Structure formats: C-alpha cells, structure tokens
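Each remark here refers to the structure printed beneath this line.
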Amino acid sequence: MRRQYPFHLIEPRWQQHWEAQETFRAFNPGEPPAAEHPFAVRHGDAAPESLEKYYILDMFPYPSGAGLHVGHPEGYTATDITARYLRMQGRHVLHPMGWDAFGLPAEQYAIKTGQHPRKTTEENVANFKRQIKGLGFSYDWSREVNTTDPNYFRWSQWIFLQLYHSWVNPATGKAESIDTLEFPADITTDEARREYRDDHRLAFVSHAPVNWCPELGTVLANEEVIDGKSEVGGHPVVRRPMRQWMLRITAFAQRLLDDLETIDWSDSLKEMQRNWIGRSEGAEVDFRIQESENSIRVFTTRPDTLWGATYMVLSPEHEWVDELATDAQRAAVEEYREAASRKSDLERTELAKEKTGVFTGAFAINPVNDEPVPIWIADYVLASYGTGAIMAVPAHDARDLEFAQKFELPVRVVVQAPEGESLEPLGFVGDGTSVESGFLNGLPTTEAKAKIIEWLEEKRHGKRTINFKLRDWLFSRQRYWGEPFPIVWRDGHHEAVAESDLPVMPPELDDYKPTTEGDPPLARAADWVTLPDGTTRETNTMPQWAGSCWYYLRFLDSQNTERFVNKAAERYWMGTSWPEIPPDLETWKVKLDDLVAFAFSKRANTRKRLVFGKIDTAQADRLEQVSGLSLAGCLHVLDNYAIRHINKCHGSSDVEKTKGQEAITSKDYQWLPLLISQPDNVEYLGKNKQGLDVIRFSLQINGTLMVLEEVRASSNLLAVKTMYKKKGTASDTAIGAPLFTSENDCLKAMSHIKWPAVKSPALGVDLYVGGTEHAVLHLLYARFWHKVLFDLGHVSTAEPFQRLVNQGIILGEDGQKMSKSRGNVVNPDGVIDEYGADAFRLYEMFMGPLEMMKPWNTKGVEGVYRFLGRVWRLFIDEGSYKDYEQAVTAAPDQAEALLADLKLHPALNDAEPTPDQLKALHACIKKVTDDLDGMRYNTGISALMVFVNEASKWESRPREVLGIFLRLLNPFAPHLAEELAGRLGEVSGNTLAYQPWPEWDDAFLVEDSIEFPVQVNGKLRGHIDITPETSREEIERLALACEKVQQFISEKEVKKVIVVPNRLVNIAVK
RNA sequence: GCGCGAGUGGCGGAAUUGGUAGACGCGCCGGAUUUAGGUUCCGGUCUCGCAAGGGGUGGAGGUUCGAGUCCUCUCUCGCGUACCA
C-alpha cells in the first residue's frame, strides 16, 4: 500500500536525534544542563531546581516473553502527551521508564530449559525496550531501572532492613527504630528480650497457617489469592502452617485509610482500597461460659442487638472448642473440626452455599439478660477475623438467620425497621429503633450502640473496638528469581546482614526447582547457604512486589551507589513547595476567585486546593479542649471538590429555605479565614463513616450563623467538608461569646489576620497512570513502604502518588478481552510497520476517554493515519512527493537522501493571516489546551482534525499559523511535527520539545455576526442574525418577529421570553 | 448479596453552571480525478415523512420556559468484593 507519508524514514531519524541530543533528560538539583541543551536554550541560566517540577510516571512493565501488547502503550502514550505538553508549558518534567523484571515466568522457563532467568530477562527487556523506543516516548533513559540489577535490589534489601530494624510506637502511631522499644519489667533475660523485640519488628517471622500453592511451589499473600486460587495461573491454594517472613502492614491500616482523603485517585479505586483495609467499628463483648469462670469474647458491629443474641458461634479452629465440647457432643465436634481442617479455602468458599455447624453442648450467658445461649461451631465464622467467635443475632443478620433456620434456633426481633422501609422485621439488617432491649428501648440504632457500649465498659463486660480486614503481608516466597533476604540464622535466631555486605547476591544454580525436601531452590546451594562463621542464610526470597514498592524513588537518582536516593533529588522531585499559603488577604481573595472559577470549569476533575490557614498554639489548645485531638500545626485547606459539594448541597436557596438556612454563595468563602481564626464556637462532632474526625466551626455575622465543617484528612490537614448558613445564634455548647455584631466588625477583624509562613503538604508523584489490576496489591504495598520510609525520615512525603489515573482495558476487535486463546491479540509491531508510530499513538488516544474500556478497531487506525497524511500534504508539495516516490522506486537505497528534495507546499507563504484563519487557529489552541489539562486526549485530537480540515481549504497558508499548529500537534504526533517544523524553518534548540506552548487570544474568537437559535417551548424553530452587541430587548424583538417562529406563536399567548446570553432565546407560549 | 461505575446513530464516541443532541473518526451511499483497482478530493448519512412537520439519549414518572445532563422508581451491562460478624 502506498504510504501517506514516509513515516518509516522520519520516525527513526527523530528518535535518533532525541537520543543523541539527550533531549528528554531531566536535571537533578546541582546538575545543570549544558548550554546547548534545548532545556538551557529555553530556560537560560535558571537552575533546573528553580523551575516547577512535574513528575509523571507510568507503571513500569513486567517484560514478558510475549512482548508489548496494545494495552501497554495506551497509558504510556497518555503520559507522554502530557509530559511533552507540560515541557512546552515550561515545567521541568521527569518522565522515566524501567523494568519490573523479577517474576515467575522467567523462573519457570529456567526450570524447563536450564537457561538462567537472568538471560531470559535480559532478552525480554531488550525486546520491550526496542518496542517502547519505537513509539518515540520522551523518556529520560539515563534513569532506567531494572529491579533484578544488583545495584537496584541492593537497595530493596536495604529497605527491608529498615523495616526489620523498626517498630511502630503505639504512642505516636509511627515507625521508629527498634532501639526505642522499651522492655516490660518482667522481661529480664537476653532470650526473652530478643523474643520481645522480634515480636515487635515491622519485618517478623511467623509460623501461622499460610496460603500454600503446591502447583507453584510457593506461598502467596492474601492479595494474590482470588476465590481460593492463585491469581497467577489459577492453581488451588491450601492453608498450611509454615515459617514465613511477614511485614506488619496492619499497624498502618488506619493511616492507609485516612490518607486516601489527601490524594487524587478515582473514587472507585479508593473504594477498593477502603474495602480491602475493611475497617469496622463495633465492640468486643465477653460472654461468661455457664458453670465456668472463663468467658468467650466476641466481636460485633451491632452491640445494640445484644438482646437478640440467641446463640453463639465459634470458628472450628477456636482455641476453646476442645474444652467446651460436652461428652455427648464431643464425637460430633471432633468430626466437624476434622472435616473443616481438611478443606482448602477454595472448598470452604465453594461449599459455602449451605450452612453447616455442630452444637458443642455448652452454653454461655448473655451479659445483658443473663440468659443462657447455646454455643455452636461453624465454618462460616472465620478464625482469622475479630476474635474468631460471634454472637448470633438471627433476626438482624442474614447469615445468622440462614443458620438459625437450618438448625431451628430461636429468632428474636430487637430492632424495629423505620416505617415503610421493611414490612418484614425478620432479617432486617439496617438501622432502626431498638425494641425488647431493656434500657435501649426506643433508641435509634446509632444512639443505642453508644449507650450499650458505655454500659458494657462500665460493667466490664466489653469495650469499643475497631477491626480491620487487612492482614499482615506475607513477604517470603520459595523461589529462585527474587531478591534474597539480607538475613542469616544463628542458633535458630535471625540476624540482619550488615548494610556494608549488601547486596546479598543469589547463588548460581543448575537446577531451579525446589528441593525434594520442599525447601526453596536457594537451599540447593549448600556453599552459599553455609557461612564461615557458622551462620546459615535465609533461603526464601522476596515477592515480586518488593521491587515495585519503591522504584519511583530510585528513578529520582537511579545511579546512586551511596544511598537509595539522593536527599536533595528526592525533596525536589517529590515536591514540597506547592502551593503556598497566600501571603495576605488580598492574594487569598484572588486565589479564592480562581479556585471557585476552577471548581465550575471543565478542568474541575483535577484536584486543586487552597491553603487558608494554620492552627496556632492557642487554637490547638482550644480544639484539644473540645475534641481531645492534638491539632497544632494543622493546615486548613479548601479544594474544588468541596466547593462543588457545598454548592450542590447548600448553594440553592430553594433547598435551604425549608431548613431555615440561606444559600451559600461564592462570596461567603471569603469568611473562611475569619471562621477558623476567630470562631464563636468550636465543636467536635466525632468520627464520620470513614472514621475521620469532624470539627465544626461557627461564627455569627450580623444575625446569620455561618457554619463550617472540616475533617481531619491526615495528620496535618483539616479539609473543608461542608459549609452552610442559618438564622440564629451559636448553640449552647459554645465556648466563648459571639465576637461580632456587624459585618463591619468582621471585616475589621479580617484585616488583622496574620498569615503564617508555611508551605502546604507535599505532593509526591504528580501523575501516575496504570491499570486497575494493581488497585490493592502494588498500590497498597507501595503506600505502606512509603509511610515507613517517611516515618524514618528517608522521604519527605506521607504519600507516594498524589494523583493516579487508571487506564481502561483495550478489548479485541470482537469486543472480547484480548487473549492468545481467542486469537484476537493485536501486535503493535505490525500496526507500526504499516501506519507508523505517530498514527499508532494517535489512535490509542482517539479511541475514547483514557479511563474507559474500549474495543480495538484497525480501521480506526487508518482514520488517524489519513489525518496525518492530510497534515503532511498541508505542508508538502504533492507533486514533489510523487516525484520522490518514483525516484525511490528507481533507487530504493537512496530513500533517505532523496527526502531532501521534497518541496514545501506552494500555498505556504509569509502573508498576514486572515481573521478567519486566526479564528480557526485560536479555537484550536483553546480546545487542545483545555483538553490536555483535563486529559481528554480524544477530543483534543478531534480539534486538531477540525483545524486541518479547515486549513486544507486555504489557498494561502501563512507559515506563522501553520507553525503554531505544529506545536499543538507535537505532543500527539511528535515525529511528524518535528519533521515538518524543521522543514518550515529553523527551530531553536533543534527540537519542538521545549518550544513555548501557544496561548490563545479570545479576541480572535469573537464572531461579527451570529446565527442565534430561537426556541419555542424548548424546541428549535429558527435563527436570527445578531452581533455580540445586540441588546437583550433587540434579541427578544427579533425573535418574536422571526418568520419561522411566527407560525408557532401567532394565535397563542406569549407567556415569557428567556434570553440566554451566548446561547439561545426561548419563547414560552400557552 | 454488598460496593463502585456505565447505558446516546450501523460502530468508537462528542455535547460548559440544565441551553441548537449526534462534534471528530469508522462504516455506508453518491459524485470528481484515474485505463482500472487503490489513493486523494467533494457531497450525503439518527429516524418516520414527498413536504410541512412528527419522534428520538435503556424504561416509567417528576421538576423547569427548556432535561442526555437534576430528582424518584425501575431494567440491563461492566468492574470490584464476597460467610469480614
């Protein structure tokens, strides 16, 4: 097929140019670029670290043997377009790429063929790199990392040692050195001290039952087991006790949950993490065992239903089952336990349809009414969650009900459903009103919970408790191709390898299978395992997730041999300096206006926040008085999401009137600094659904009470949640008296507010793009490691990834997910050969919104390819291209050299652009800029197409206009844009990469005459010709006079005429 | 079951705080260039209707001068999770 343009020559040429020029290198603090580098050409003498940075990251791939598939470049293209766009906008962009190269496939290939996994990995990396480079991404390859490189995994091992040498201090909730751990008085011997320490480390050894996958010959983390099968390969997984390394991620559960509030991830992704962490609030309640001194502790989220607890269930593995079973029931209990222990998780799940269980013969005493309740065992109660025992309330829990019905146990209704919600009280699990519940009768569920917990605590029958689903992270694998642990064993105890002895290299082996005794493959290397000093090495390796937990940090300084990352580089790229608190009230007001405008603009799906205050010591004391929270130094922030929320809930006067409130207007935000610095009243509202503390500030201004509610979004952040106004005064719980009686007083007070000189919380990676498949694995693990490193002072942000965007999956042409077995896999190499990298990139983005799932369609590639051909013909004389093609047929080896003979299109000239031309150009600049800000690549491309369709008709094509167009095209199709820009004239720095991004001027977009739509009763009936100056009255007159409209309104009564400026006019008739 | 998200032409998808539904591309139809095919260029393409006009964003209601967009109910699909008390 004839090529639309010689992309096969242009693309490699520009890729070589960028590589030779190091066009896309990012510069660490103190390492300025050479004077001739295009970065220096653009920014002059400015130190790179003085520029605003942008760290844009892709999820680095596992280089599989199959090579790149079309899903990989989807995210990579999106980030590349944004990276190139922001570079042109003047940001200092860091955009790196590397390889997550440890993994099972290379090891399995090694077992089969004997080829060292390193060799397989190197081959695959080389292939991936070739494919990725062929797409012309603007990566800084000097920062490339590979997790299997000893210079990389040495630092993975080092971070493991940081975990090993740390514990979480319950007083601060933060990780600190294990040396700060104090021993209880009864721990006196060295042996006991060591044990106590080892029990507190963040990396610790456990002998608990683990997920063992016989097929893979390794254990797996909870996150890697799906429906009782391995996530990789779908092999069965069984529970089996083994000695394993664990990481204490559970100590960070609450912080991992809280800090989700501070980052810009999609709601669905945050929700997945929340579900995985699985926080639930409730109470532990002790049930005394009948005729015994002992009691059994249960966990429940519904202590208010205690009167409805008619039996109790223990998990079969519960430690007291043996003791409880009566002689009559012993045989049945034993049998049930035996059967349960034989079941794999898979079987337990699959057989879950039908409830099973056995009565132990024993009874417990319900503490609220002293009634005996039978104790059962059943495998629907899990040993690993809560206390491994429950109180069963069949009337208000679906599972308990099912069980009770099967075994004919009593059901007692103790919660009345709200009227209309459920006619059937049996099985009602929602909130209602307590009945038949002693002193709780008549209380709504929330209050009943609080009251019963108070009672339980007072009578010492139980206490308030919070439980998490999250389990500690099983961190060892029985594999060869992973990071060896920097741990040795001496006399049955583990010890850390000295930092100076890192990296611990894996031994060379001939056989990569596990040993016949079931030990990991590393155990085969007897010489390696046994050390001269009599210690033996740990033979497990780390899981694949280890390397990906911190690679984004290594990119900042990938060649450093002294530290895992240079401190200054980390501080600069992870960002600590934006945004600042406005220095004064005036600036604050300007920034506020910006933020409000932003909240209602098209770009509003990006989070933008404004810091408007900091809690000083006096304030902190006052807050501590009401809430018990220590909030000194906390910053107040307002973001665009909050503004939208407030507008939605409290911005409409209709809604507010009914509640005796007034609508919040954008002007009201200006009171925020005063509200937080000099409130009449501060209240602590307790924790919200997500377990976050809510604080209410209120202030009376001229008879109206303004109320602000904030949540503590992280340890140092109070985020505005909502805000409303109402008539009246502050409630009785107020601290202090109202300070202001008039608005003037308030304004006066505002002028005295002092703005603290602080910077807002750090950012981390500015934009991270990747698939959803890592929602609870990589992304949770990485956040966990990052928090440990943060606590220990090694990094400066509490969160690694400020903004995260998930790309949608690309389906096959048949609408099914792409897979080898379906035979619908699209190979990028083939597409690039036929249409070129620019067309491939463009199509990947043109398919639809980045985050959406969408099917591939090769015909669609032809569409964008034709578009690039039209761009080419906009600039290049068609005759000369035909001549070129003929010449190449005669002398194929001259193809490259002959390119020099191509001529520019004769319509290109230095004429003054016409108003129409400027309008087309500036409309394009505006649309593309807006769309790139909002990551709407598909509509951005369509704007480029609209411009080209228009410009193709021009008989005179001013260089100036087309040159600016090429800058807009550059992020999307950089090879073609660079080529044409080079032919159009000299480009400073010899690349478009650092040319300033064009700005649009609204003056060019104004139309002289407008065809203004006229509706009658909301239906389009005609148009009138107006100008931007036409008055409302004139528009109304023209609309009513319009001929087409007349036939719809004559003989009818015109009730109302609505003129919507810049939109339309609507005539309402009866 | 629970949680989250999405339903718009033959297809992928566009539609500012509610304001001309279907941008852009694919496909299809017609025309021009070409010996022909391919390429390129021009025109058409939600639907019923000759037209005037009517209908139309999964379905049913509602709010509004005006609803793809907001509210209530409902159906379908996708993703996540699953005995987590």
Side-chain angles (χ1 to χ4, degrees), chain A residues 1-4 226-227 266-272 274-276 278 280 282 298-302 313 348-349 352-353 355 378-382 384-393 397-400 402-403 429 467-470 599-602 604 644 647-648 651-652 654 772 775-776 806 808-809 815 843 846-849 851-864 866-867 869-870 873 878 930 936 938-946 949 952-953 1011-1021 1023 1047 1055-1058 1060-1069:
Chain A
M1 198 173 78
R2 179 176 178 259
R3 284 194 190 87
Q4 295 261 354
I226 293 169
D227 289 340
S266 69
D267 286 337
S268 65
L269 198 73
K270 283 188 186 180
E271 198 59 26
M272 276 189 231
R274 282 192 201 109
N275 288 341
W276 194 262
S280 55
V298 302
F299 174 70
T300 177
T301 54
R302 292 298 298 271
V313 189
R348 247 164 118 149
T349 317
K353 282 153 198 135
K355 291 270 183 297
D379 65 4
Y380 83 90
V381 174
L382 306 177
S384 51
Y385 183 77
T387 60
I390 61 159
M391 62 178 215
V393 185
D397 182 285
R399 296 149 304 176
D400 294 345
E402 199 188 321
F403 191 83
V429 297
N467 254 306
F468 293 93
K469 278 201 272 184
L470 186 70
F600 297 109
S601 76
K602 239 182 159 182
R644 281 194 93 122
N647 188 60
K648 204 173 162 186
S652 145
D654 307 344
T772 340
V776 286
N806 282 125
I809 329 173
Y843 178 64
F846 191 61
M847 276 190 284
E851 297 179 73
M852 206 184 260
M853 176 192 288
K854 55 233 154 196
W856 182 269
N857 176 8
T858 300
K859 280 280 181 195
V861 188
E862 286 179 28
V864 292
R866 274 201 282 271
F867 160 70
R870 283 204 299 281
R873 290 188 292 277
E878 266 196 272
D930 266 0
R936 290 180 298 270
N938 55 331
T939 50
I941 292 168
S942 95
L944 294 171
M945 287 173 166
V946 169
N949 289 345
S952 300
K953 295 176 200 153
E1011 257 203 347
F1012 203 67
V1014 184
Q1015 292 185 339
V1016 178
N1017 281 348
K1019 292 210 167 92
L1020 184 68
R1021 294 305 182 190
H1023 289 95
Q1047 56 179 304
K1055 285 198 329 201
K1056 209 197 262 186
V1057 180
I1058 296 115
V1060 187
N1062 301 320
R1063 287 280 165 205
L1064 47 70
V1065 50
N1066 189 22
I1067 302 165
V1069 297

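Within every chain, numbering begins at 1; the chains are lettered A, B, ... in the order of the sequence lines, protein sequences first and strands thereafter. Given the structure is predicted, the values throughout are model-derived calculations rather than measurements.
Checking B:rC65, B:rG13, B:rG3 against the side-chain heavy atoms of A:K1056 singles out B:rC65 as nearest. Picking from B:rU20, B:rG25, B:rG12 the nucleotide with the shortest atom distance to the side chain of A:P855 gives B:rG12.
Straight-line distance between the P atoms of B:rG59 and B:rU69: roughly 11 Å, to the nearest whole Å.
For B:rG7, the paired base is B:rC75 (Watson-Crick or G-U wobble, both distances below 3.5 Å). Under the Watson-Crick and G-U wobble criteria, each requiring two contacts below 3.5 Å, nucleotide B:rC28 is paired to B:rG44. Within the shown strands, B:rU81 is the pairing partner of B:rG1 under the Watson-Crick or G-U definition, both distances less than 3.5 Å.
Looking only at atom types and distance, the side chain of A:R873 has a donor-acceptor partner in the side chain of A:Q4 under 3.5 Å away.
The side chain of A:S280 contributes an N or O atom lying less than 4.0 Å from OP1 or OP2 of B:rA85. Under 4.0 angstrom from either OP1 or OP2 of B:rG37 there lies no side-chain N or O belonging to A:R2. Dashed line: the shortest gap from a side-chain N or O of A:R866 to OP1 or OP2 of B:rC26 is under 4.0 Å. Between A:R873 and B:rC41 there is a side-chain polar atom (N or O) within less than 4.0 angstrom of OP1 or OP2.
For A:K355 against B:rC83, a side-chain N or O and a base N or O form a donor-acceptor pair under 3.5 Å.
As judged by a 4.0 angstrom heavy-atom cut-off over every strand, A:M853 is placed among residues touching the sugar-phosphate backbone only.
With its glycosidic angle within 90° of 0, B:rG9 is assigned syn.
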